[in-house]
Amino acid sequence: MKRISKSPQETNKIAKDFLKQVLKKKPNRAKVIALSGELGAGKTTFAQHFAKALGINRKVVSPTFVLIRRYPLKNQKHKQLYHLDAYRLKNEQELLKLGWREIISNREHIVLLEWPENVRKAIPKKTTYVKIKHQKSGEPNHRLFEIKNLF
């Protein structure tokens, strides 16, 4: 699926529509969503809209420096949203030390992972990929969202 966003409001709509699709799926483990794109592409912005659609009212910020943030979810079949950033990780072993196996083994978790290309070998086969690119139209807010392998 490919969608173009020309504004934060359109990115919000894409995140909400995507969440509806995510919630329909029933995997045996956590729902892992890999967010990729160059610096400034909008990975964290997408994560913020996604979290808000899940009912998270507190501010969702990039986990670049702390590596992982956890947000409890209320009144849903999912109990936790994990937001991880692998930008500063050197390899998969560093991700595993953060409790990665435990996080992805729980079907009540939804996981957003930024910079998945840095820890490729640790990503489960049934992962949904959201690639975000700046559009070549020259407009600073235009983004192309490519969503692949919905679990």
Side-chain angles (χ1 to χ4, degrees), residues 1-56 60-64 66-89 91-96 98-135 141-151:
M1 175 179 92
K2 291 184 181 183
R3 300 231 349 232
I4 294 176
S5 169
K6 296 179 181 176
S7 68
Q9 294 80 15
E10 287 182 16
T11 299
N12 185 45
K13 173 92 171 91
I14 291 168
K16 283 182 178 179
D17 292 347
F18 175 62
L19 176 61
K20 288 177 189 173
Q21 295 299 314
V22 167
L23 294 178
K24 288 180 186 177
K25 303 296 180 179
K26 298 180 181 174
N28 295 332
R29 56 184 2 198
K31 293 175 180 172
V32 179
I33 301 152
L35 304 174
S36 63
E38 61 190 32
L39 281 171
K43 297 177 293 295
T44 299
T45 300
F46 182 81
Q48 290 168 335
H49 289 294
F50 185 86
K52 186 174 182 178
L54 273 169
I56 296 170
V60 172
V61 295
S62 173
T64 299
V66 295
L67 303 178
I68 184 169
R69 293 191 185 270
R70 182 179 59 88
Y71 302 92
L73 301 173
K74 297 178 183 173
N75 304 318
Q76 299 185 31
K77 62 184 174 182
H78 298 95
K79 303 297 181 205
Q80 305 288 335
L81 171 67
Y82 283 88
H83 185 193
L84 294 94
D85 190 321
Y87 182 74
R88 296 185 313 121
L89 300 182
N91 56 44
E92 292 79 7
Q93 293 304 314
E94 290 185 356
L95 182 64
L96 295 176
L98 295 173
W100 178 247
R101 285 193 181 111
E102 293 80 13
I103 292 168
I104 64 171
S105 66
N106 190 328
R107 68 188 317 158
E108 294 180 335
H109 296 166
I110 298 176
V111 180
L112 298 175
L113 174 65
E114 296 188 29
W115 297 97
E117 48 280 344
N118 292 353
V119 291
R120 188 163 300 168
K121 293 176 186 174
I123 297 175
K125 289 181 183 172
K126 291 190 176 187
T127 293
T128 296
Y129 290 85
V130 178
K131 186 165 189 155
I132 306 169
K133 296 180 186 177
H134 288 98
Q135 278 297 93
N141 292 327
H142 292 199
R143 303 287 191 269
L144 172 66
F145 290 84
E146 291 182 73
I147 299 171
K148 297 180 183 179
N149 305 332
L150 193 59
F151 309 108

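This is a predicted model, so every value here is computed, not measured.
- When V22, V60, L73 are each tested for a side-chain contact (heavy atoms from CB on, under 4.5 Å) with L54, only one passes: L73.
- K79 meets the salt bridge (charged side-chain N to carboxylate O under 4.0 Å, His left out) test with no other residue; sequence neighbours excluded.
- The two residues L81 and A51 have their closest heavy-atom pair at CD2-CB, 3.8 Å.
- Between the CD1 atom of I56 and the NZ atom of K74 there is a distance of 10.5 Å, given to the nearest 0.5 Å.
- Across all their heavy atoms, L98 and I103 have their closest contact at O-CD1, 4.1 Å.
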Problem - side-chain contact (heavy atoms from CB on, under 4.5 Å) evaluation trace for L112 with L84 - result: CA-CA 6 Å; L112 298 175; L84 294 94; over 6 Å; no
Practice task
Report the C-alpha separation of R107 and K31 in whole Å, then their side-chain angles, then the decisive distance to 0.1 Å, and conclude whether the side-chain contact (heavy atoms from CB on, under 4.5 Å) test is met.
Solution key: CA-CA 7 Å; R107 68 188 317 158; K31 293 175 180 172; over 6 Å; no
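- Counting only distance, with no hydrogens or angles, the side chain of T127 and the backbone of I123 share no donor-acceptor pair below 3.5 Å.
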Practice task
Step by step, work out the ring pair (Phe, Tyr, Trp, His ring centres under 6.0 Å) result for F18 and F145.
Solution key: CA-CA 11 Å; F18 175 62; F145 290 84; 9.5 Å; no
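- Panel note: side chain D85, backbone P63; no donor-acceptor pair is recorded below 3.5 Å.
- Annotation for K77: atom NZ counts as buried by contact number, over 12 foreign heavy atoms lying within 6.0 Å.
- Within the 4.5 Å cutoff, the side chain of V119 has heavy atoms near those of the L113 side chain.
- Applying the salt bridge (charged side-chain N to carboxylate O under 4.0 Å, His left out) test to R3 and every residue at least two apart in sequence or in another chain returns D17.
- Applying the 6.0 Å contact sphere to OH of Y129 captures more than 12 heavy atoms from other residues, nucleotides or ligands.
- Residue H49 holds its NE2 atom at 11.0 Å from OG1 of T44, rounded to the nearest 0.5 Å.
- Contact between F50 and I33 at its shortest, heavy atoms only, is CZ-CD1, 3.8 Å.
- In this structure K2 satisfies the salt bridge (charged side-chain N to carboxylate O under 4.0 Å, His left out) test together with E146, sequence neighbours excluded.
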Practice task
Could you give me the CA-CA distance, side-chain angles and deciding distance for H83 and I68, then say whether side-chain contact (heavy atoms from CB on, under 4.5 Å) is met?
Solution key: CA-CA 6 Å; H83 185 193; I68 184 169; over 6 Å; no
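- To the nearest 0.5 Å, atoms CD1 (I147) and CE (M1) are separated by 3.0 Å.
- Taking the six-membered ring wherever Trp is involved, the centroid distance between the rings of Y71 and Y82 does not fall below 6.0 Å.
- Looking at residues two or more places apart in sequence or on another chain, you find no ring-ring contact (aromatic ring centres under 6.0 Å, His included) involving H78.
- Looking only at distances, no side-chain donor or acceptor of E114 sits under 3.5 Å from a matching main-chain atom of L35.
- Checked against side chain to side chain donor-acceptor pair (under 3.5 Å), K16 has no partners two or more places apart in sequence or in another chain.
- For L67 against R88, the heavy-atom pair with the smallest separation is CD2-NH2, 3.7 Å.
- Residues forming a side chain to side chain donor-acceptor pair (under 3.5 Å) with S62 (at least two apart in sequence, or on another chain): T64.
- Between the side chain of K148 and the backbone N or O of T128, no donor-acceptor pair lies under 3.5 Å.
- Side-chain atoms of N91 come within 3.5 Å of backbone atoms of E94 as a donor-acceptor pair (strictly under, hydrogens ignored).
- A donor-acceptor pair under 3.5 Å is absent between the side-chain atoms of K126 and the main chain of R29, judged by distance alone.
- A donor-acceptor pair under 3.5 Å is formed between the side chain of H134 and the backbone N or O of G40.
- Using a distance-only test at 3.5 Å, with no hydrogens or angles considered, no donor-acceptor pair links the side chain of W115 to the main chain of S36.
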Exercise for the section: Please test I4 against R143 for side-chain contact (heavy atoms from CB on, under 4.5 Å), starting from the C-alpha separation and ending with a verdict. Expected result: CA-CA 6 Å; I4 294 176; R143 303 287 191 269; over 6 Å; no
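- A donor-acceptor pair under 3.5 Å is absent between the side-chain atoms of H109 and the main chain of Q80, judged by distance alone.
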